Amino acid sequence: MSATPVKAKPSEGAAKQMTLLEALNQALHDAFADDPKVVTLGEDVADPEDGGVVGVTKGLSTKFGENRVRTTPIAEQAIIGAAIGVSLAGYKPVAEIMLMNFTTVAMDMIVNHAAKLRYMSGGQTSVPIVIRTMTGAGFSTGGQHSDYFEAWFAHTAGLKVVAPSTPADGYGLLRSAIDDPDPVLFIENMPTYWTPGEPPPKGHRVPIGKARVSSPGTDLTIVTYSGMANTSLAALKDIAAAGISAEVIDLRTVSPWDQETVIASVAKTGRCLVVHEAVVPFGVGAEIAAVVSERLYGKLKAPVVRVGAPFTPVPFSKPLETAFLVNAPRIAEAAIALVKGKH
Amino acid sequence: MLNNYQLDGPTQVEIFRRMALLKGNDERCRKMVTTGRLVMTYYSYRGQEVIPAAMSVNLTDQDYLCTIYRGIHDMLAKGLPLKDLWAEIAGRVDGTCKGKGGPMHLTYPKKGIMVTTGIVGATLPIANGLAWASQLSKDGRVALATFGDGASNIGAFHEALNLAAVWKLPVIFLCQNNQYGEHTAYAKSTSAKRIADRAIAYGIPGLHVNGNDPFEMYAAARQAVERARAGEGPTLIEAVTFRFHGHVFGDADKYMDKAQKAAAVAADPYPIYRTKLIATGVASEAELAKIEADVEAALDVAVEFALQAAYPGLEELTTDVYGVSA
Ligand SMILES: Cc1ncc(C[n+]2csc(CCOP(=O)(O)OP(=O)(O)O)c2C)c(N)n1
Ligand SMILES: [Mg+2]
């Protein structure tokens, strides 16, 4: 993973704009200060190793010590296993898996253990861990460094999956994920780390499972999350130019997703477009389309449409990677076709 | 224990030729990235050239290689043509993988280059399978898995060593210990004083060598290859070396010990070996200069070829996700 210079400096209650990277860093600093049971571990996360490949954990080890902030060997199974274990004994670990593709190495720990121990123990034990990971195509890193695998995790009972798109949501969701009694996979979209936004109020919480209407509209509902929530907003200009009013819902939490907010919106607009970066088949869009169709059968003005990546690995070559990645024009095109009946 | 092999003059020069090719290529890659003519995440192997150069002279084109993102040196030493390499890292359709793999995922089966992975630890289990294929077909091929020091801490390393030992596979596990895994120094992540010692736990030979010494490295490589070809099983080689340019080329390497790095760069194996070949009369200055000039000329051709080549057509996006059903 290429290390990009960071400007994350935890600053108390700054009112100026903040990046997602700074917001996440601030959330960790605040959580560490508020609760001595919060710990973190992952590759290169301590300050002698630069506080993480992009710097999300910067400053933590200097302030809270390398016992609570542990750089690990390259051993994802050992990282998640240790997080599970320390959480069983009452701590609140935030484990970092550098890139989402490397969660594959720890899949047994995540799926067979973290997700299931509460249930299999009849509620005697629980695994309140957060697994932070980042991903996102667009940097020419090829087939093993930029996949969106959220559907695998959302398909696992016992796990929660969150994917913020703004600095304030990043802060609020990370705080809520740390508070949460169950394992939460926390997905950070790499290309938006450095995009500035409104700063979060200190101690801000965004409830897990609550979506946000990021732009109101009347003709169709765009349901999206993570980096694509920003790309969808960028598509609004072209959609409006076609005389269409789109409502954008940023799910923020992929699982459990906010059905009520989505259903209320689609009941109003009669049309639903789901946008995610992941490949389309068997994706999160399929689940949303199914539920919307079940609950609004007969009230939809058009079938639910999904926009996502083609069913291929992420290609290296720039023109292919560009074609792979969903962009604002593609979202606008799909939205316009959906409303004008050309889907 | 290392066997004592006599290295003849032509082999010594051939090792130098491969080192010159690898070093020249790395310098050109960095230059192209620095000047913005190529956009890629580049993992420089500068400082580690001796290892594949001395390893590969013991291998044939039929022998298998599985290598990592920091593995272009392994592939060039194994015979990957420069033009195919450069077209690939430029994302062009004439590259080894039609531009779809890129610098972290080069593949070139014609020279036995079977897998390049971006996942730490993944080379070893796959090399076992290739070695098993040699065992099944009795074709005498050897499989080589290369990886870093950091990779020796992941489960796959341990599973693979055990399996290879139990099955007596003709496989060589070549650890290029450059003393860092990303930003983490060796001692902070690795319990063993020597990675080679981990072989003891699996009942196989573990050779700890100076990976910057072509003679020592050659001896370890040859010993492991001979053992594999004789059907005696796997060998773990730990070749100690140093990474001159940080994890990803362009990182500030603040996390590195300055004195350690300065000492390693001052002990650059390339000029040392070059001087030695001349001093011992194995090669003349003119001969070595000619080798270096040839490398530069070949690079000029390869880079030009790559930059002129076309990008893959958009139909390539969905091609080769699956094969054609019989
Ligand atoms: C399973 C996995 N975890 C993490 C990473 C991120 N990563 C890429 S290279 C690297 C360091 C590997 O160090 P080492 O094995 O010593 O090889 P080197 O890069 O030094 O050649 C890490 C942690 C990865 N690619 N795969
Ligand atoms: Mg290393």
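A, B, ... follow the sequence lines: proteins, then strands. Residue 1 opens every chain. In this text the structure is predicted, and so the values were computed from the model without any measurement.
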Item to check | Option in B/H105, B/R92, B/M40 with maximal non-hydrogen atom pairs under 4.5 Å from chain A | outcome: B/H105
Next on the checklist: Testing the 3.5 Å rule here: is there a donor-acceptor pair between the side chains of B/E88 and B/Y108?
Outcome noted: no
Checklist entry - Side chain, backbone, both or neither: which part of A/P310 has a heavy atom under 4.5 Å from chain B? => result side chain
Checklist entry - Side chain, backbone, both or neither: which part of B/T117 has an atom under 4.5 Å from a heavy atom of chain A? => result both
Next on the checklist: More than 12 heavy atoms of other residues, nucleotides or ligands under 6.0 Å from NZ of B/K261: yes or no?
Outcome noted: yes
Item to check | Proximity breakdown for B/Y322 and chain A, heavy-atom pairs closer than 4.5 Å | outcome: side chain
Item to check | Part of B/K100 lying under 4.5 Å from any heavy atom of chain A | outcome: both
Checklist entry - Taking every heavy-atom pair that is under 4.5 Å apart, which of B/I89, B/T184, B/D320, B/V321 has the most such pairs with chain A? => result B/T184
Next on the checklist: Heavy-atom pairs under 4.5 Å with chain A: which of B/C97, B/G99, B/A122 has the most?
Outcome noted: B/G99
Item to check | Heavy atoms from other residues, nucleotides or ligands near CZ of B/F305 exceed 12 (cutoff 6.0 Å) | outcome: yes
Checklist entry - When you check the side-chain N and O atoms of B/R70 and B/H247, is any donor under 3.5 Å from an acceptor? => result yes
Checklist entry - Do B/N177 and B/E238 have side-chain N/O donor and acceptor atoms under 3.5 Å apart? => result yes
Next on the checklist: Looking at A/E321 and A/K318, is any side-chain nitrogen of the basic one under 4.0 Å from a carboxylate oxygen of the acidic one?
Outcome noted: yes
Item to check | Which atoms of A/P319 approach chain B - backbone, side chain, both or neither, heavy atom under 4.5 Å | outcome: both
